[in-house]
Amino acid sequence: MPLIDSFLVDHTIMKAPSVRLAKVMQTPKGDEIEVWDLRIKKPNTTMMPEKGIHTFEHYFAGFMREHLNVKGVVEIIDISPMGCKTGFYMSLIGVADGEKVKAAFLASMQDILALDDNAVVPASNPLQCGSCNLHSVVEAKAIAKEVVDGGVVVTNSKDIALDPKKLENL
């Protein structure tokens, strides 16, 4: 089985919070698709809590679109949580700049922090959400605060490339 892109970077030296262009692909028609790693937690240290990550996802996807989408230039396809609960992957059509992604990330955190603790989570009902009772605005705000307090860096994949020799002794 070939290694996926995420397995080609050394998670022990990965910084968080950070944004990183993880992969670039082209569609058959020539459109560029970028996949971004939006890291919130340092891998293998802590994880985002279940309710918080779920609520965060509901808000984050919309706020990032508000701050990053430019019609006909950059359009976010999807923002999804990582299985390791340390960040999100963002797929988009177009070419985004790391500093702009960072700015949109931080602006989205400010939007989440501005929410009322009792805000009704968008689409948190049985018709639109598969776990509609698994939400916490307070936990989502704590995640956003951690990002703001930690400061976001732009990471280059080359700087954290995995040395295959490190795998030999595992």
Inset, instruction - Would you please test M64 and I76 for side chain to side chain contact (heavy atoms under 4.5 Å, CB included) and show each step? - result: CA-CA 8 Å; M64 280 296 284; I76 294 173; 3.9 Å; yes
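- Between M48 and G87, the closest heavy-atom pair is CE-N, 3.4 Å.
- I160 and W36 are assigned to two separate hydrophobic clusters, defined by single-linkage of ILVMFWY side chains at heavy-atom distances under 4.5 Å.
- With contacts defined as side-chain heavy-atom distances shorter than 4.5 Å, the pair P122/Y59 qualifies.
- Two different hydrophobic clusters hold F7 and V24 under the rule that ILVMFWY side chains link at heavy-atom gaps under 4.5 Å.
- V95 and E32 make their closest contact through CG2-OE2, 3.3 Å (heavy atoms, listed as atom of the first residue, atom of the second, distance).
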Inset, instruction - List the steps, then state whether side chain to side chain contact (heavy atoms under 4.5 Å, CB included) holds for L113 with K145. - result: CA-CA 7 Å; L113 285 170; K145 182 173 181 355; 3.8 Å; yes
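- Under a 3.5 Å cut-off, the side chain of K42 and the backbone N or O of M14 do form a donor-acceptor pair.
- The distance from atom CD1 of I77 to atom CD1 of I93, rounded to the nearest 0.5 Å, is 4.0 Å.
- For the residue pair A22 and S157, the shortest heavy atom distance occurs at CA-OG, 4.3 Å.
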Inset, instruction - Kindly determine whether T12 and N44 satisfy side chain to side chain contact (heavy atoms under 4.5 Å, CB included), including the steps that lead there. - result: CA-CA 8 Å; T12 65; N44 299 303; 5.5 Å; no
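- Between M109 and V148, the shortest heavy-atom contact is CB-CG2, 3.6 Å.
- Looking at heavy atoms from C-beta onward, V154 lies out of side-chain contact with R20 at the 4.5 angstrom threshold.
- Under the 4.5 Å side-chain criterion, counting only non-hydrogen atoms from C-beta, L162 is not in contact with V9.
- Nearest heavy-atom pair across S136 and T55 is N-OG1, 2.7 Å.
- In this structure, the side chain of H11 does not engage the main chain of P43 through any donor-acceptor pair within 3.5 Å.
- Remark: the backbone N or O of L92 is not paired with any side-chain donor or acceptor of E75 at under 3.5 angstrom.
- By the criterion of side-chain heavy atoms lying less than 4.5 angstrom apart, applied directly or through intervening Ile, Leu, Val, Met, Phe, Trp or Tyr residues, M47 is not grouped with F88; the two fall into different hydrophobic clusters.
- In this structure a side-chain-to-backbone donor-acceptor pair under 3.5 Å is present from H54 to L134.
- With a 4.5 Å cut-off on side-chain heavy atoms, D10 and K166 count as touching.
- Proximity of D37 to M82: side-chain heavy atoms (C-beta onward) are separated by under 4.5 Å at one or more points.
- A single hydrophobic cluster is seen to contain both L106 and V70, as judged by linkage of ILVMFWY side chains at heavy-atom distances under 4.5 Å, directly or through other members.
- Between the N125 side chain and the C132 main chain, no donor and acceptor come within less than 3.5 Å of each other.
- No side-chain heavy atom of L68 sits less than 4.5 Å from a side-chain heavy atom of F105.
- Residues M25 and V35 have side chains in contact (heavy-atom distance under 4.5 Å, counting atoms from C-beta outward).
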Inset, instruction - With side chain to side chain contact (heavy atoms under 4.5 Å, CB included) as the test, would you mind laying out the steps for I79 and Y89 before giving the verdict? - result: CA-CA 6 Å; I79 298 179; Y89 282 115; over 6 Å; no
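- Residues D111 and H67 form a side-chain contact, since some pair of their non-hydrogen atoms from C-beta on lies under 4.5 Å apart.
- Closest heavy-atom contact between C129 and A123: CB-O, 3.1 Å.
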